[in-house]
Amino acid sequence: MKKSIQTVKGVREFYPEAMSLRNYLYEKVRGVSQAFGYQEWDGPFIETIDLYAAKSGEELVKKQSFTFEDRGGDLVTLRPELTPSLARMIAAKQNELTFPVRWWSFGPFWRYEQPQKGRTREFFQWNIDMLGVNSPEADAELIAVAAGFLRSVGLSPERAQIFVNNRRLMDSEFDALDIPPEKRLDVSNLVDRRTKMEPAKWDENARDLGLNQIQLDGLKGILGNFDLWKKNEELTRLFAALDALGVSEYVKFDPNIMRGLLYYTGTVFEAFETTGSLKRAILGGGRYDNLLADVGGQPLSGVGFAMGDVVIGIILQEAGLLPDFDLTPASVLVTVFDKSLLLKSYALASRLRQSGLKVMVYPEPAKLPRQFKFADKMKMKIALVLGPDEAANSQVAVKNLSSGEQVVVRQDAVIDTIRTMLG
RNA sequence: GUGCCUGUAGCUCAAUGGCAGAGCGCCACACUGUGGAUGUGGAUGUUGUGGGUUCGAAACCCAUCAGGCACCCCA
């Protein structure tokens with residue numbers, strides 16, 4: 001009994017209660033995606049490693065992917081992200097799709113990481129993208145979708161914020177500081193880590209990268225300048241659009257947001273919960289201008305973001321924002337009085353189901369207290385008893401389990417009685 | 001891939017080298033045609049797994065697996 005086979009490291013098992021959280025997130029995601037006119041789609045769950053090799057970043061491909069050889073000797077990967085599949089699928093139908101394309105998806109992904117709070121090796125992720133329009137207003141729409149989601153799950157602007165930056169803006173600032181192109185990636189990564197490092201240690205790392213004092217001071221000036229966006233046309237248009245979309249209270253400019261993925265070229269953004277213990281991004285995304293060309297399509301710009309189910313699930317749980325999920329599998333239990341009446345109970349349950357009710361029948365004769373306890377634990381609202389007395393008179397006893405009241409009615413009136421009790 | 005912490009009944013935890021326990025839950029009965037409340041009784045286990053030290057290990061040591069925290073990375 002104790003020798004059970006363990007689950008694979010970093011995966012979760014979805015018992016019914018966890019499943020209702022997953023479905024809740026799916027419904028909220030679908031709701032806000034459809035409200036903005038996005039269509040649901042999906043890609044394959046396994047892909048060749050080559051798809052990710054080009055642009056996803058070395059860490060993701062070489063260290064964090066589940067890659068294995070299939071029986072034919074080819075290297076395949078459990079997808080660690082969706083955007084490259086999106087780019088390929090768009091490129092394949094580039095001449096027949098109607099642009100702008102607005103697509104969303106919610107499905108499983110795998111990353112070979114060290115599991116910890118907010119990080120598992122198997123997770124579900126919402127992806128949503130718009131392709132074919134390159135404008136700050138399109139970027140603003142995606143940010144508004146993100147804000148709309150936060151709002152729909154009850155996360156107020158006081159509780160969750162979306163921080164926005166722009167890679168082109170940062171590049172021009174880096175140009176002004178004479179930071180050479182080959183150091184940009186390392187500098188970006190360092191910027192990403194600034195909030196979780198000791199200031200002195202951060203300075204030391206910056207000097208190790210070869211930044212001189214003037215560049216270091218300049219960099220710190222940039223990262224502390226939260227008005228930097230005002231001199232950038234993309235960002236001023238972005239914030240004007242966000243204002244029109246009614247979500248500006250959710251969004252702030254932050255020059256410290258860089259994001260790791262290589263394919264982002266313009267706007268980048270990440271959402272964080274601001275009050276809780278979890279310092280992980282709820283969602284993140286941005287604009288990618290070159291991805292389609294990289295997988296063999298005509299140049300086409302896109303913008304999108306992704307949200308994993310793990311972090312948002314923990315945040316909503318800890319904030320007490322989750323609704324009480326209705327775990328009742330059925331509203332009515334038909335009890336089985338004894339062996340001779342078993343099939344009469346089955347027939348009754350069947351008639352009730354045909355009228356659209358959710359009805360469970362106790363699967364074998366058992367003592368009534370046991371069957372009532374079962375109904376109670378399953379939080380069912382009504383229990384029916386079809387005993388010898390009722391059967392002899394074509395009747396059935398209908399008990400309201402929350403009030404304790406019980407009435408005996410004719411079998412042809414039982415549906416009305418149940419509907420009245422259920423309200 | 002690195003460092004630190006943790007692992008005892010279904011759950012939450014106690015027992016710090018000397019008989020493995022409590023609360024909750026579970027089961028039975030009070031109540032053989034009716035659940036929740038209450039009372040009484042009952043069952044829990046190879047102390048994550050494997051090895052070692054010891055007269056004696058849940059406890060100490062080593063390995064391993066899993067979880068957590070911090071790196072790394074990111075949804």
Side-chain angles (χ1 to χ4, degrees), chain A residues 1-12 15 25 29 56-65 79-83 105-128 146 149 189 192-193 196-197 201 258-262 264 269-272 277-286 304-315 333 335-338 341 362 365-391 396-406 408:
Chain A
M1 206 57 96
K2 206 66 184 172
K3 284 237 160 122
S4 57
I5 294 173
Q6 283 183 332
T7 57
V8 170
K9 182 173 180 161
V11 303
R12 290 166 296 163
Y15 287 86
L25 289 176
V29 159
S56 294
E58 199 146 315
E59 178 79 19
L60 191 60
V61 175
K62 294 205 172 140
K63 289 179 154 179
Q64 296 196 347
S65 63
R79 61 181 188 183
E81 58 162 340
L82 191 60
T83 310
S105 178
F106 185 82
F109 294 85
W110 294 266
R111 285 187 193 175
Y112 198 84
E113 282 196 284
Q114 210 50 253
Q116 53 183 289
K117 195 175 192 182
R119 284 292 177 266
T120 56
R121 286 184 173 181
E122 180 178 62
F123 54 96
F124 284 78
Q125 187 170 279
W126 174 31
N127 285 267
I128 182 161
F149 173 82
N189 285 337
D192 244 1
R193 271 176 295 166
K196 17 182 178 176
M197 285 177 76
K201 185 104 184 166
M258 291 303 289
R259 297 193 53 70
L261 293 176
L262 297 176
Y264 292 118
F269 56 94
E270 283 182 341
F272 287 90
S277 59
L278 208 51
K279 292 276 175 268
R280 293 185 180 279
I282 297 171
L283 58 87
F305 68 85
M307 179 187 81
D309 69 315
V310 183
V311 170
I312 188 70
I314 292 170
I315 286 171
L333 175 74
T335 63
V336 173
F337 191 85
D338 61 23
L341 288 161
Y362 206 84
K367 288 179 180 172
L368 281 180
R370 186 181 188 83
Q371 298 188 49
F372 272 79
K373 262 182 198 161
F374 174 77
D376 201 47
K377 284 204 178 136
M378 298 302 272
K379 296 183 164 47
M380 290 190 268
K381 299 191 173 62
I382 290 171
L384 304 189
V385 179
L386 186 54
D389 299 344
E390 291 86 0
V396 60
V398 183
K399 182 159 187 178
N400 184 332
L401 291 173
S402 37
S403 71
E405 288 167 48
Q406 177 170 310
V408 178

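Note on naming: letters A, B, ... go to the chains in the order of the sequence lines (proteins, then strands), and numbering restarts at 1 for each one. These figures come from a predicted structure and were not determined experimentally.
Considering CD of A:Glu405 and CG of A:Asn400, their distance stands at 6.5 Å, rounded to 0.5 Å. Here the straight-line distance linking atom CG of A:Leu333 with atom CG of A:Leu401 works out to 8.0 Å at 0.5 Å rounding.
Listed candidates were B:A75, B:G33, B:G67. Nearest to the side chain of A:Ala306 is B:A75. Checking B:A75, B:C73, B:U34 against every side-chain atom of A:Gln406, the shortest atom distance belongs to B:U34. Taking every side-chain heavy atom of A:Gln116 into account, B:C71 is the closest of B:C73, B:G33, B:C71.
Where A:Glu390 and A:Gln114 meet RNA chain B, the nucleotide closest to each residue was compared, and A:Gln114 sits on the side nearer the 5' end. A residue-by-residue look at A:Leu283 and A:Val8 shows that A:Val8 has its nearest nucleotide of RNA chain B further toward the 5' end.
Under the stacking criterion of a centre-to-centre distance below 5.5 angstrom and an interplanar angle below 30°, A:Phe337 is not stacked against the six-membered ring of B:G33.
The backbone N or O of A:Glu122 sits less than 3.5 Å from a side-chain atom of A:Thr120, completing a donor-acceptor pair. Listed for the A:Thr335 side chain is a donor-acceptor partner under 3.5 Å among the backbone atoms of A:Leu384.
Looking at A:Lys399, its side chain comes within 3.5 Å of the base of B:U34 through a donor and an acceptor atom. Side-chain to base pairing of A:Arg111 with B:A75: one donor and one acceptor N or O lie within less than 3.5 Å of each other. Between the side chain of A:Asp376 and the base of B:G36, no donor-acceptor pair under 3.5 Å is found. Judged by distance alone, with hydrogens and angles left aside, A:Gln371 brings no side-chain donor or acceptor close enough to the base of B:U34 to form a pair under 3.5 Å.
One C1' atom belongs to B:G21, the other to B:U47, and the distance between them is 12 Å to the nearest Å. For the C1' atom pair drawn from B:G52 and B:C11, the interatomic distance equals 33 Å after rounding to whole Å. Look at the C1' atom in both B:U8 and B:U32: the space between them is 40 Å, to the nearest Å. Nucleotides B:A9 and B:C24, compared at atom C1', are 12 Å apart to the nearest Å. Distance noted for atom P between B:A22 and B:A43: 11 Å (whole Å). Here, B:U16 and B:A58 have their C1' atoms 10 Å apart, quoted to the whole Å. Spacing of C1' atoms, B:C31 relative to B:G36, comes out at 14 Å, to the nearest Å. Taking the P atom of each, B:U49 and B:G7 are spaced 13 Å apart, rounded to whole Å.
Spacing between atom CZ of A:Phe374 and atom C1' of B:G36 amounts to 16 Å, rounded to whole angstrom units. Nucleotide B:G68 holds its P atom 10 Å from the NZ atom of A:Lys117, rounded to whole Å. For the pair A:Ile382 CD1 and B:G36 P, the interatomic distance rounds to 19 Å; values are reported in whole Å. Atom NZ of A:Lys381 is separated from atom C1' of B:G35 by 15 Å (rounded to the nearest Å). Distance, A:Lys373 NZ to B:U38 P: 13 Å, rounded to whole Å. Rounded to whole angstrom, the span from the CG atom of A:Leu384 across to the P atom of B:G33 amounts to 19 Å. Per the geometry, CZ belonging to A:Arg121 stands 12 Å off C1' belonging to B:G67, to the nearest Å. Taking atom CZ on A:Arg12 and atom P on B:G68, their separation rounds to 11 Å, with Å as the unit.
Residue contacts shown for A:Ile312 are absent, as no nucleic acid heavy atom lies under 4.0 Å away. Using a 4.0 Å heavy-atom criterion, one finds that A:Gly313 contacts no nucleic acid atom at all. Within 4.0 Å of A:Asp389, counting heavy atoms only, lies at least one base atom of the nucleic acid. Nucleic acid contact for A:Thr335: none, since no nucleic acid atom lies under 4.0 Å from a heavy atom of the residue. When heavy atoms are screened at a 4.0 angstrom cut-off, A:Pro115 is found touching the sugar-phosphate backbone but no base atom. Using a 4.0 Å heavy-atom cutoff across all strands shown, A:Gly285 reaches no nucleic acid atom at all.
At least one side-chain nitrogen or oxygen of A:Arg370 sits closer than 4.0 Å to the OP1 or OP2 atom of B:A28. Taking side-chain N and O atoms only, A:Lys367 has a distance below 4.0 Å to OP1 or OP2 of B:C29. Residue A:Lys377 places no side-chain N or O under 4.0 Å from the OP1 or OP2 atom of B:G25. In this model, the phosphate group of B:A66 is approached by a side-chain N or O of A:Lys9 to a distance below 4.0 Å at OP1 or OP2.
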task: Go through A:Trp110 and A:Phe123 one step at a time and tell me if the ring-ring contact (aromatic ring centres under 6.0 Å, His included) criterion holds.
output: CA-CA 6 Å; A:Trp110 294 266; A:Phe123 54 96; 8.3 Å; no

- request: Apply the test side chain to side chain contact (heavy atoms under 4.5 Å, CB included) to residues A:Arg12 and A:Phe124: give CA-CA distance (whole Å), side-chain angles for both, the deciding distance (0.1 Å), then the verdict.
  value: CA-CA 11 Å; A:Arg12 290 166 296 163; A:Phe124 284 78; 4.2 Å; yes

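Annotated stems with RNA chain B as a participant read B:1-7 with B:65-71, B:10-13 with B:21-24, B:26-30 with B:38-42, B:48-52 with B:60-64, given as range with range, by first number; only runs of 3 or more Watson-Crick or G-U pairs under 3.5 Å qualify.
Note on ring orientation: taking the six-membered ring where Trp is involved, the planes of A:Phe305 and A:Phe269 are perpendicular (angle over 60°, cut-offs 30° and 60°).
For the pair A:Val398/A:Gln406, no side-chain contact is recorded, criterion being any heavy-atom separation below 4.5 Å from C-beta on.
Salt-bridge check for A:Lys381 with A:Asp376: failed, with every basic side-chain N at 4.0 Å or more from each acidic carboxylate O.
Neither side chain, A:Gln125 nor A:Arg79, offers a donor N or O lying under 3.5 Å from an acceptor on the other.
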